[in-house]
Asks: 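The following block contains the structure, expressed as structure tokens.
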Amino acid sequence: MLDLNFIREKPDQLKEALIKLNTDAPIDEILALDEERRTLLTEVEALRHQRNVTSEKIGRMEKGEERQALIAEMRQVGERIKALDGPVSDVEELLREAMLQVPNMPHETVPVGKDDSENVVVRTEGELRQFDFEPLPHWDLGPVLGIIDFERGVKLSGTRFYVLKGLGARLQRALIAWMLDLHVNEQGYTEIYPPFVVKRECMVGAAQLPKFEANIYHDVEDDFWFIGTAEVPLTNLHRDEILDADQLPLYYVAYSPCFRREKFSAGKDTRGIKRGHQFDKVEMYKFATTENSYEELEKMVDNAEDVCRRLGIPYRVVQMCTGDLGFAAAKKYDVEMWAPGCGEWLEVSSCSNCEDFQARRANIRYRPETGAKPEFVHTLNGSGLALPRTLIAVMENYQQADGSIVIPEVLRPYMGGIETIS
RNA sequence: GGAGGGAUGGCCGAGUGGACUAUGGCGACGGUCUUGAAAACCGUUGUGGGGGCAACCUCACCGGGGGUUCGAAUCCCUCUCCCUCCGCCA
């Protein structure tokens, strides 16, 4: 959510930004509702003041005609207040709904572009492996090795589900455990095990709702919302709190399964395990002060890159242009691993600085110093990393001519010393 | 799932229809005293909205929502969460 004062004072600046973002938002509606709200408030608050003052006087008066007259008068005032209360809450609700539709503003360093074709490759690291045979895609490698079972996944749950089996399941578990240990032991993150279903307000706080409702699984009976990323519970960990400045920055990391309906990518990436309705992810998250959140973003991207480097897999870092920024981010980098079998760069991480956009929605503040007024924190999120795609990259980069897969050095302690899958 | 008890400010805790700004204590911050500190004493201490150049004025908030009343932390309805006991259970 943006600051209403900002929208009120600089609507043209916001409209310019919306053009760069290649999107739209009900700015004029917000301005009109804000105007109406303030007019109504002035009126109803004056009436309340009158009632407060007079009621207090009534309390101190002797019983009698004069007192009865005032009571009758205040009954009238009360009815006028009641008549205004409805419109006030209607306008406030409409204003809130409209405010939730407005995307975040891009940071000044974000390149302008219309869509993902204008994203900028910032750097490419690691040597692409030269194969003396034709590298296979994971959807061929997996079934042959008996570590991915597509048919039975579909039998159980339908399209976009698969089963990992034997050393395939073990390899994913090893990746998760190793990544968590890396973030916790060497990068300073605190491990969190969060709920995987949350209340509606958490989804609003993390900016998943109301805009992306069609993409979220929802249990109607208990009103539980299935998280599409651990970013959701991590954002809400400090919802409605005022943090001390000396606590910041806070670093959290959480493993979670992620559930996505994928309504917006029907028919895309249907082959393999690249895009499923359920996948695992290790997520990094930071609560930072307004001063250093951009330094923290660069550090977070490096934390994600570190996972790639240690796995020995070539990757590149891509900066999103304005047209591909998404709803909540002010600045965003993707980290993409090279997958030689399917022949594409796979997005394994997405690192964003949301500035105070989520913090306003979730009401997360900090006090810069004792006695100072609370300010909204800056929130950052980044995958560290998404599992199925990392699994793809490991399988395809470490495949051998005989169809076996060598386990990367760093994972072997997590695989009980196993060196190859064959 | 059944029965009972609760939810008040950063924390503890009083408050069953009207008084000044919701007692009091703890904590925190400022001050006096002191070479310095502690103790003692004095003072300050929530969040959000509206108006105003400003000092300031004003509205709302006692778990959430609704109701009664001239007036609600207080009375009524409802929901959520927590605690105790019973039942069930990985």
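Every heavy atom of this structure was used, including side-chain atoms; hydrogens, water molecules and symmetry mates were not. Chain A is the first sequence line, chain B the second, and so forth, proteins listed ahead of strands; every chain is numbered from 1.
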Asks: Taking for each residue the nucleotide of RNA chain B bearing the nearest heavy atom, is the 5' side occupied by Lys373(A) or by Glu56(A)?
Replies: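 Final value for this comparison: Glu56(A).
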
Asks: Between Arg8(A) and G50(B), does any side-chain N or O lie under 4.0 Å from OP1 or OP2?
Replies: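 Answer yes for this pair, as a side-chain N or O of Arg8(A) is under 4.0 Å from OP1 or OP2.
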
Asks: So, is Arg48(A) near the phosphate of U58(B), with a side-chain N or O under 4.0 Å from OP1 or OP2?
Replies: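 So the side chain of Arg48(A) is outside the cut-off, no N or O lying under 4.0 Å from OP1 or OP2 of U58(B).
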
Asks: Taking for each residue the nucleotide of RNA chain B bearing the nearest heavy atom, is the 5' side occupied by Arg75(A) or by Asn5(A)?
Replies: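 Its nucleotide being nearer the 5' end, the pick is Asn5(A).
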
Asks: Mind checking Lys199(A) for me? I need base, sugar-phosphate or nothing, with any heavy atom below 4.0 Å counting as a touch.
Replies: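 Since no nucleic acid heavy atom lies under 4.0 Å of Lys199(A), the category is nothing.
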
Asks: Give a yes/no answer on whether the side chain of Arg38(A) brings an N or O atom under 4.0 Å of OP1 or OP2 in G50(B).
Replies: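 Negative; the distance criterion is not met.
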
Asks: Over all strands shown, is Arg60(A) touching base, sugar-phosphate only, or nothing at heavy-atom distances under 4.0 angstrom?
Replies: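 Touches nothing.
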
Asks: Is it the case that the side chains of Gln187(A) and Tyr251(A) hold a donor-acceptor pair, with the cut-off being a distance below 3.5 Å and no angle test?
Replies: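 Per modelled atom types, Tyr251(A) and Gln187(A) side chains form no pair under 3.5 Å.
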
Asks: Without decimals, in angstroms, what is the distance between Asp222(A) CG and C79(B) P?
Replies: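 Result: 15 Å.
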
Asks: Pairing check on A39(B): which nucleotide meets the Watson-Crick or G-U wobble criteria with it, both distances under 3.5 Å?
Replies: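 Paired with A39(B), as far as the under-3.5 Å criterion goes, is no nucleotide at all.
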
Asks: Please report, rounded to the nearest Å, how far the P atom of C59(B) is from the CG atom of Asp85(A).
Replies: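 In whole Å, C59(B) P lies 14 Å from Asp85(A) CG.
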
Asks: Give the nucleotide from the list U58(B), C20(B), G50(B) with an atom nearest to the side chain of Arg37(A).
Replies: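 Nearest to the side chain of Arg37(A) among the choices is G50(B).
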
Asks: From the list C20(B), C70(B), G48(B), which nucleotide is the closest neighbour of the side chain of Ile71(A)?
Replies: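 Closest of the options to the side chain of Ile71(A): C70(B).
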
Asks: Can you tell me the base-pairing partner of A73(B)? Count Watson-Crick or G-U wobble geometry only, both distances below 3.5 Å, and say none if there is no partner.
Replies: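 Partner of A73(B): none.
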
Asks: For His183(A), run the ring pair (Phe, Tyr, Trp, His ring centres under 6.0 Å) check against Tyr252(A), Tyr189(A), Trp178(A) and tell me which one passes.
Replies: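 Of Tyr252(A), Tyr189(A), Trp178(A), ring pair (Phe, Tyr, Trp, His ring centres under 6.0 Å) with His183(A) is met by Tyr189(A) alone.
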
Asks: For Gly272(A), does its backbone N or O pair with a side-chain atom of His138(A) as donor and acceptor, under 3.5 Å?
Replies: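 Not a single qualifying donor-acceptor pair exists.
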
Asks: Tell me which nucleotide, if any, is Watson-Crick or G-U wobble paired with U44(B) when both distances must be under 3.5 Å.
Replies: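 Base-paired to A28(B).
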
Asks: Measure from the side chain of Arg367(A), starting at C-beta and using heavy atoms only, and say which of G48(B), G51(B), G46(B) lies closest.
Replies: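 Of the options given, the side chain of Arg367(A) lies nearest G46(B).
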
Asks: Please confirm whether the shortest side-chain N or O distance from Lys82(A) to OP1 or OP2 of G67(B) is below 4.0 Å.
Replies: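 For G67(B), neither OP1 nor OP2 has a side-chain N or O of Lys82(A) closer than 4.0 Å.
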
Asks: Across the strands shown, which category fits Ile58(A) at heavy-atom distances under 4.0 angstrom: base, sugar-phosphate, nothing?
Replies: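 Base contact - Ile58(A) has a heavy atom under 4.0 Å of at least one base atom.
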
Asks: Rounded to the nearest angstrom, tell me the gap between atom CD in Glu79(A) and atom C1' in C70(B).
Replies: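 Checked: the CD to C1' distance equals 12 Å.
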
Asks: Can you tell me how far P of G50(B) sits from CG of Leu47(A), to the nearest Å?
Replies: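 Result: 19 Å.
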
Asks: Distance check needed: A72(B) P versus Met74(A) CE, whole Å only.
Replies: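 Distance, rounded to whole Å: 13 Å.
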
Asks: Taking CD from Glu45(A) and P from G50(B), how many angstroms apart are they, rounded to a whole number?
Replies: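 To the nearest whole Å, that distance equals 9 Å.
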
Asks: Partner lookup for G1(B), please. Criteria are Watson-Crick or G-U wobble with both distances under 3.5 angstrom; report none if nothing qualifies.
Replies: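 In the structure as shown, G1(B) has C86(B) as its Watson-Crick or wobble partner.
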
Asks: Applying side-chain contact (heavy atoms from CB on, under 4.5 Å) between Ile407(A) and each of Leu171(A), Thr420(A), Val394(A), report the one that passes.
Replies: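 The residue from Leu171(A), Thr420(A), Val394(A) that satisfies side-chain contact (heavy atoms from CB on, under 4.5 Å) with Ile407(A) turns out to be Leu171(A).
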
Asks: Whom does G17(B) pair with, Watson-Crick or G-U wobble, provided both distances fall under 3.5 Å?
Replies: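 Pairing partner: none.
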
Asks: Might you point out which heavy atoms bring Leu411(A) and Ala174(A) nearest each other, and give the distance in Å?
Replies: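 Smallest heavy-atom distance, with atoms named: CD2-O, 4.1 Å.
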
Asks: Can you tell me if the side-chain N/O atoms of Asn52(A) get under 4.0 Å from OP1 or OP2 in A60(B)?
Replies: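 For Asn52(A), the contact criterion (side-chain N or O under 4.0 Å from OP1 or OP2 of A60(B)) is met.
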
Asks: Rounded to the nearest angstrom, tell me the gap between atom CG in Leu70(A) and atom P in U69(B).
Replies: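 After rounding, the gap between these two atoms is 18 Å.
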
Asks: Look at Arg67(A) and C70(B) and indicate whether a side-chain polar atom (N or O) is within less than 4.0 Å of OP1 or OP2.
Replies: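 Checking Arg67(A) against C70(B): no side-chain N or O falls below 4.0 Å of OP1 or OP2.
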
Asks: Check the distance between G18(B)'s C1' and Lys57(A)'s NZ and give it to me in whole angstrom.
Replies: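 Result: 15 Å.
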
Asks: Need one value for Thr42(A): base, sugar-phosphate or nothing, where a base atom within 4.0 Å counts as base even if backbone is also close, heavy atoms only.
Replies: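 Since only primed, P, OP1 and OP2 atoms lie under 4.0 Å of Thr42(A), the category is sugar-phosphate.
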
Asks: Just by distance, no angles: are the side chains of Glu298(A) and Tyr333(A) close enough, under 3.5 Å, to form a donor-acceptor pair?
Replies: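 Yes.
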
Asks: G48(B) phosphate, OP1 or OP2: any side-chain N/O from Arg365(A) under 4.0 angstrom?
Replies: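 Arg365(A) to G48(B) OP1/OP2: side-chain N or O found under 4.0 Å.
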
Asks: Out of Lys299(A), Glu355(A), His378(A), which residue meets the side chain to side chain donor-acceptor pair (under 3.5 Å) rule with Tyr294(A)?
Replies: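 Of the listed residues Lys299(A), Glu355(A), His378(A), the side chain to side chain donor-acceptor pair (under 3.5 Å) partner of Tyr294(A) is Glu355(A).
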
